[in-house]
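Here is how names work: the chains are called A, B, and so on, in the same order as the sequence lines, proteins then strands, and each is numbered from 1.
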2 protein chains.
Amino acid sequence: MASDHAQTDETSPAERRRQRVRDSILHAAERMIAKEGEDGLSIRRLAEEIDYSPAAIYKYFGSKEELVDELKEAFFARILTHVDKVQYSEEPFECRAHQCLRVYIEEALEKPHQYLGAFSGVVDPTDSHEIESNKARAFDYLISMVSEGQALGHFDPSRDAVTVAKSVWACCHGAASLLAHLPHFLDGMPSDIPVKRDAFLDLHADIVLRGLYKR
Amino acid sequence: MASDHAQTDETSPAERRRQRVRDSILHAAERMIAKEGEDGLSIRRLAEEIDYSPAAIYKYFGSKEELVDELKEAFFARILTHVDKVQYSEEPFECRAHQCLRVYIEEALEKPHQYLGAFSGVVDPTDSHEIESNKARAFDYLISMVSEGQALGHFDPSRDAVTVAKSVWACCHGAASLLAHLPHFLDGMPSDIPVKRDAFLDLHADIVLRGLYKR
DNA sequence: GTTACAAAGTAAACACTGTTCACTTTTTGA
DNA sequence: TCAAAAAGTGAACAGTGTTTACTTTGTAAC
């Protein structure tokens, strides 16, 4: 039964083997990007690192771009799960909203090169596939957060929740982008190194959220 | 006297000629980047476009990076002058502050590829030359704007002006970056195309600035 | 077990890239 | 006019992503 034609878990030894090689490619690529950025990733050096020929990579990925895109999708999926966890916690709304912004930025900064790479370059408007990516979905959470804030009577209800959510996303993305791009961004500020980023993110989230409240 | 050893305006015909070639290189590079992005710029195709050999480019610029860095510096200098103009206008403070944020974003969006390219990739912390660029100076204007807002009794004075300015810069940069990166960012929103961006920027600046006011 | 077929893997080539170097042409200043 | 400097170039080097024809390996059926 276990060696029957239709496997119970849909994975044959060959498929598992293939999956392992695929993963090793992805992991090696991730390591190289983390070290040297997206431009530092070379298919040839990547192949050498995992002891394959460059051409072998193309049995697993259609192009370098497809490979990198898969990493980006996984990265944003990870950010989403972390933001999601905050969203459904038992904390009061104001605390959740604050954490929501913070966690997005903090998770983005876990992989600065990947985060920056995901926003470098103008996206082709005719490429519809980009629209339904996890990147766009990150911002769906913000819509429901803003709507909830309006329903609870905290936020100004006269504004369009979607538009406001886009504005909030811009604020979060900007902080993540600048912190990732400029390692010295917080230099010359009060308090010590590990606290600096924490304190800044608190202030930033405070300012952004305060902008949403009714006056 | 005019043909004396030391020229009055410090430019000989040879220097002017050289400057013209230099400019033609820069302009061609700018056109190519505007069309195909930073990665789409090729020294060889650039040379072909202006009818020179690829090697000739290196008589004017040490490397491709130096060339695009000069374009970036000029671009941010242009943004700065526009923001500067707002800063010293005769409008009331609240209007100037609002315009300050708007103009930064609008000018950034004049060259989406260049703006995104200026923030792609993690900056080398040991490279001190990056710190004193026009990019960093854009944010000096925000510091004085925040300080003035505090002095006038509008903004919360208990906060560090520099830190707040960084937060505001992040909000502006985020909006510029997202709008440049995602041409569809404002799709699915009320009102028509030319007004959309205008309305969004107004809302965004409103939200950010409201976050700074005393409650 | 053998055989047929598909999958995995590769070496070599193609068409690019940025950059350098030896070399020629042109321009300049005395 | 003549040497020196500047401007410009062709060819090469080392690297890139990708494709193609080919070989090796593994699998499934007879």
Side-chain angles (χ1 to χ4, degrees), chain A residues 1-7 10-26 28-29 32-33 35-72 117 120-121, chain B residues 1-26 28-29 32-33 35-72 117 120-121:
Chain A
M1 182 61 178
S3 61
D4 215 353
H5 177 262
Q7 296 258 344
E10 298 191 41
T11 66
S12 66
E15 283 178 46
R16 283 201 303 275
R17 217 156 35 215
R18 184 177 168 82
Q19 192 58 47
R20 271 200 298 272
V21 175
R22 231 186 98 96
D23 285 350
S24 84
I25 295 174
L26 286 168
M32 293 176 75
I33 290 180
K35 258 195 209 135
E36 316 167 58
E38 211 162 286
D39 292 345
L41 170 62
S42 147
I43 296 291
R44 297 174 116 102
R45 292 198 298 117
L46 164 60
E48 198 177 6
E49 188 128 349
I50 61 174
D51 281 313
Y52 279 84
S53 77
I57 311 290
Y58 291 87
K59 300 284 177 180
Y60 294 87
F61 300 93
S63 67
K64 180 182 176 178
E65 196 186 347
E66 270 187 30
L67 203 170
V68 176
D69 279 358
E70 190 161 325
L71 282 180
K72 287 208 248 261
S120 80
Chain B
M1 182 66 178
S3 61
D4 215 354
H5 178 262
Q7 296 258 343
T8 52
D9 53 354
E10 298 190 44
T11 66
S12 66
E15 284 177 45
R16 283 201 302 275
R17 217 158 32 218
R18 184 176 167 80
Q19 193 58 49
R20 271 201 297 272
V21 176
R22 231 186 98 96
D23 284 350
S24 84
I25 295 173
L26 286 168
M32 294 176 74
I33 290 180
K35 258 195 210 136
E36 316 167 57
E38 210 162 288
D39 292 345
L41 170 63
S42 146
I43 295 291
R44 296 174 116 102
R45 292 198 297 119
L46 164 60
E48 199 176 7
E49 189 129 346
I50 61 173
D51 280 314
Y52 279 84
S53 75
I57 310 290
Y58 291 87
K59 301 283 179 182
Y60 294 87
F61 299 92
S63 67
K64 180 181 177 180
E65 196 186 347
E66 269 187 30
L67 204 170
V68 304
D69 277 359
E70 189 160 326
L71 283 179
K72 287 208 250 260
S120 78

Please tabulate, one pair per line, each protein N/O and nucleotide N/O from nucleotides 25-27 of chain C that are separated by under 3.5 Å, including the distance.
residue: C:dT27; atom: O3'; partner: B:Arg17; partner atom: NH2; Å: 3.0

For residues 50-63 of chain B, which residues have at least one heavy atom under 4.0 Å from DNA chain D?
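Hits under 4.0 Å, by residue number: B:Tyr52, B:Ser53, B:Ala55, B:Ala56, B:Lys59, B:Tyr60.
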
Note: contacts of residues 37-49 of chain B with DNA chain D (heavy atom, under 4.0 Å) are B:Arg44

Nearest atoms (heavy-atom pairs only) where [X] meets [Y]:
| X | Y | result |
| --- | --- | --- |
| B:Ser120 | A:Ser120 | CB-CB, 3.4 Å |
| A:Ile43 | A:Pro54 | CG2-O, 4.2 Å |
| A:Leu67 | A:Ala29 | CD2-CB, 3.7 Å |

Begin from the C-alpha positions of A:Glu49 and A:Arg44 and carry the test salt bridge (Lys or Arg N to Asp or Glu O under 4.0 Å) through to its verdict.
CA-CA 9 Å; A:Glu49 188 128 349; A:Arg44 297 174 116 102; over 6 Å; no

Rounded distance (Å) that lies between atom [atom2] of [N] and atom [atom1] of [X]:
| X | N | atom1 | atom2 | value |
| --- | --- | --- | --- | --- |
| B:Lys64 | D:dT16 | NZ | P | 15 Å |
| B:Arg18 | C:dT28 | CZ | P | 13 Å |
| A:Glu15 | C:dA6 | CD | C1' | 14 Å |
| B:Arg22 | D:dA6 | CZ | P | 16 Å |

Taking side-chain contact (heavy atoms from CB on, under 4.5 Å) as the definition, give me every residue that meets it alongside B:Tyr52, ordered by chain and number, with sequence neighbours left out.
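Per chain and number, B:Tyr52 pairs via side-chain contact (heavy atoms from CB on, under 4.5 Å) with B:Val21, B:Ile50, B:Ala56.
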
Applying salt bridge (charged side-chain N to carboxylate O under 4.0 Å, His left out) as the test, list every pair that has at least one member in residues 57-67 of chain B; sequence neighbours left out.
none

Run the side chain to side chain contact (heavy atoms under 4.5 Å, CB included) check on B:Glu15 and B:Arg20 step by step: do they pass?
CA-CA 9 Å; B:Glu15 284 177 45; B:Arg20 271 201 297 272; over 6 Å; no

Check salt bridge (charged side-chain N to carboxylate O under 4.0 Å, His left out) between A:Arg45 and all other residues, then give those that pass, not counting sequence neighbours.
A:Glu36

May I ask you to decide whether B:Lys72 forms a salt bridge with B:Glu38, counting only side-chain N to carboxylate O separations under 4.0 Å?
yes

Chi angles and distances behind the side chain to side chain contact (heavy atoms under 4.5 Å, CB included) call for B:Leu26, B:Phe61:
CA-CA 10 Å; B:Leu26 286 168; B:Phe61 299 92; 3.8 Å; yes

